[in-house]
Colleague: 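I have a structure I would like to understand better, so I am pasting it below and will then ask my questions one at a time.
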Amino acid sequence: MNYWLLKSEPDVWSIDQQIKSGEKGTDWDGVRNYQAANNLKQMKKGDLCFFYHSNIGKEIVGIVEVIKEAFIDPTDKKKRFVAVKVKFISILPKPITLEKIKKTKALKNLPLIRQSRLSVMPIDTKSWKIILNMGRIKKKKIHA
DNA sequence: GCCAACGTTGGC
DNA sequence: GCCAACGTTGGC
């Protein structure tokens, strides 16, 4: 299984809205960047993603799961980009701010920091675990 | 609101 | 195919 991080401006789509959408999940669409799209294409069913609020908050607020692998983004008229479907899994009891991540040496190489404009990025297993611990989230809760 | 870092577009 | 001009993202 692989891990990812998805960025969203909470003005446009927030974790609260993701929670309300429940088990059915929602399309993660609107990505118009090839690097981000390539990452979307590599996602497999069951992969987990951190949900990051950009601009407002600037923090990791929760976790979602990939429930449908890449398909043509229905919002893309030119049909060049893809979307995936995700559903809400968990909220972090303690959101992890960008500031904190920057201060954590082990996380210095995250694309979140090195490539601030990328909106869909892979997270290596080690970093994933570190962030989970920082967010005080129990592993059990994720698999619930 | 500003600006750095990218991406994209279009003229040549 | 290069590159200047322009547009966008997202942190500050």
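Here the structure is a predicted model, which is why all the values come from computation and not from measurement. Chain identifiers are assigned alphabetically (A, B, ...) following the order of the sequence lines, protein sequences preceding nucleic acid strands; residue numbering begins at 1 within each chain.
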Colleague: Would a 4.5 Å heavy-atom cut-off, applied to side chains only, mark A/Ile63 and A/Leu132 as touching?
Modeller: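 When only atoms from C-beta onward are counted, A/Leu132 and A/Ile63 do touch, with a gap below 4.5 Å.
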
Colleague: Could you write nucleotides 5-12 of chain C as a row of B, S and -, 5' to 3', where a protein heavy atom under 4.0 Å of any base atom gives B, of only sugar-phosphate atoms gives S, and otherwise -?
Modeller: --BBBBBB

Colleague: Answer yes or no: is there a side-chain heavy-atom contact under 4.5 Å between A/Phe50 and A/Trp128?
Modeller: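 Yes, side chains in contact.
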
Colleague: A/Met121 and A/Asn39: which non-hydrogen atoms are nearest, and at how many Å?
Modeller: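 Taking every non-hydrogen atom into account, CA-ND2, 3.7 Å.
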
Colleague: Whether the side chain of A/Lys44 engages the backbone of A/Met1 through a donor-acceptor N/O pair (distance < 3.5 Å, no angle test) should be reported.
Modeller: no

Colleague: What is the ring orientation for A/Phe51 with A/Trp28, classed by angle as parallel under 30°, tilted 30 to 60°, or perpendicular over 60°?
Modeller: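 Judged by the thresholds at 30° and 60°, the geometry between A/Phe51 and A/Trp28 is perpendicular.
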
Colleague: Is there a side-chain contact between A/Asp11 and A/Asn55, using heavy atoms and a 4.5 Å cut-off?
Modeller: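 No. Closest side-chain heavy atoms not under 4.5 Å.
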
Colleague: Heavy atom of residues 12-19 of chain A under 4.0 Å from DNA chain C: which residues?
Modeller: none

Colleague: Using modelled atom types and a 3.5 Å cut-off, is there a donor and acceptor pairing between side-chain atoms of A/Asp29 and backbone atoms of A/Asp73?
Modeller: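 Not a single qualifying donor-acceptor pair exists.
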
